[in-house]
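These figures come from a predicted structure and were not determined experimentally. Just the heavy atoms: all of them, side chains too, but no hydrogens, waters or symmetry mates, feed the values below. Read the numbers this way: they start at 1 and go in the same order the structure lists the ligands and their atoms.
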Amino acid sequence: MINVTKTFFPPIEAYQAQLERVWKNQWLTNNGELYKELTSKLKAHLNVSHIICMTNGTLPIQIALNAFGNEGEIITTPFSYVATLSSIVWEKCTPVFVDIHPEYLTIDETKIEAAITEKTTAILATHVYGNPCDVETIKTIADKHNLKVIYDAAHSFGVVYKGKSMFAYGDASTTSFHATKLFHTGEGGALICQNEDVYKAMHYRHNFGHDGQTAYHGLGINAKMSELQAAMGLCVLPYMDHIISERQKVCEFYDKNLDFNRLTGFKIRENTSWNYAYYPILFNSEKALLKAKQNLESHQIFPRRYFYPSLEELPYVNSNHCPIAKDIAERVMCLPLYVGLEAEQLTKISTLINEA
Ligand SMILES: *Cc1c(COP(=O)(O)O)cnc(C)c1O
């Protein structure tokens, strides 16, 4: 069976060695030694000012919206994972969808200003598949209208845009360290920011608002990463170059062997060093997609319809009409992509798609 992704497992001995430290310390969570080591190694690896590792990749989005959203209208993309949208609604904010660019598949920055009202407080956009949004234009718009910018950078580990980590853009960036993501801690995630005050505001919020044992800075939640999660992160981090270069080989195979007379890929923004996080292909129609999917599934190969449906179609939102996102969501499918996919398997996948 070939799934769309497969979790990277570091050698078990490495994880055991980290666990020995945890047992020796008799310390399982709350700013433990391994948490501190992972945080400082990630900061160096990514070259960012502040990072707060958390227990998953959804809480940092909610925490950022709690700090910046003010229960107002949030300009967002309909083409992302559901966590982007659900966090907005969960934080009592109102999502206002802006359609996506037909080739980059990120939010169409030229349509943002028309969606701004007096109630708008922030822009929450996704660097979908690791492809950067137009961060410069978005910053200009946000500055002009006094809005905060939050990037859902769940797909962006290792992406460098104009010489800087993708996580360094926006007032805050969030990411996921879920088992299916490039860098993982089983479950996990992080909030990254460059500003000290923003860091403090988010740090309080992720630990119940505690300011010492008896004082409270304000409202908070529990989003703390445990030592068991940090242990996995410390074991996976040394493999990031390997993980990215192996995934690059898989992508290059598909680039060469798929029939792009009948399919399209997406366009990566200029000045981007990409991380090969996903391999989405666009069919000419949903019918063609379903045929190819069925063909693959009958051979025990399971691609995924990422991202479908377009989020403005979800039952708990008042839909804005986003025809481009709706059309793309109906025709896009992500192919299997992970470390260890062999040439024989890749040939089979490509042949089955080209035949369909
Ligand atoms: C994975 C993902 C999330 C959520 O991360 P979790 O760690 O699963 O909570 C949020 N946004 C996007 C775009 C994702 O792909």
Backbone N/O of [Y] and side chain of [X]: donor-acceptor pair under 3.5 Å:
X: N131; Y: R269; answer: yes
X: D327; Y: P323; answer: no
X: N195; Y: V198; answer: yes
X: N275; Y: L182; answer: no
X: R331; Y: F283; answer: yes

Can you sort out which atoms of ligand 1 are near [X], meaning under 4.0 Å from one of its heavy atoms?
X: S80; result: 13 (C)
X: K181; result: 1 (C), 2 (C), 14 (C), 15 (O)
X: H155; result: 13 (C), 14 (C), 15 (O)
X: G57; result: 5 (O), 6 (P), 7 (O), 9 (O)
X: G188; result: 7 (O)

Are there more than 12 heavy atoms of other residues, nucleotides or ligands under 6.0 Å from atom CD of E344?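 No, CD of E344 has 12 or fewer neighbouring heavy atoms, counting only those of other groups under 6.0 Å.
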Is it the case that over 12 heavy atoms from other parts of the model lie below 6.0 angstrom from the NZ atom of K111?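 For K111, atom NZ is crowded (more than 12 foreign heavy atoms under 6.0 Å).
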Could you say whether the N/O atoms of S176 and ligand 1 ever approach to under 3.5 Å?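 Right, the criterion is met.
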Please state which protein non-hydrogen atom is closest to atom 4 (C) of ligand 1 and give its distance, to 0.1 Å?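 The closest heavy atom on the protein side is T58 OG1, 3.6 Å.
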Would you indicate which of Y129, Y306, F307, Y81 comes nearest to atom 3 (C) of ligand 1 when only heavy atoms are counted?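 Nearest option to atom 3 (C) of ligand 1, by heavy atoms: Y81.
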Relative to ligand 1, is D152 under 4.0 angstrom through side chain, backbone, both or neither, heavy atoms considered?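 Side chain only.
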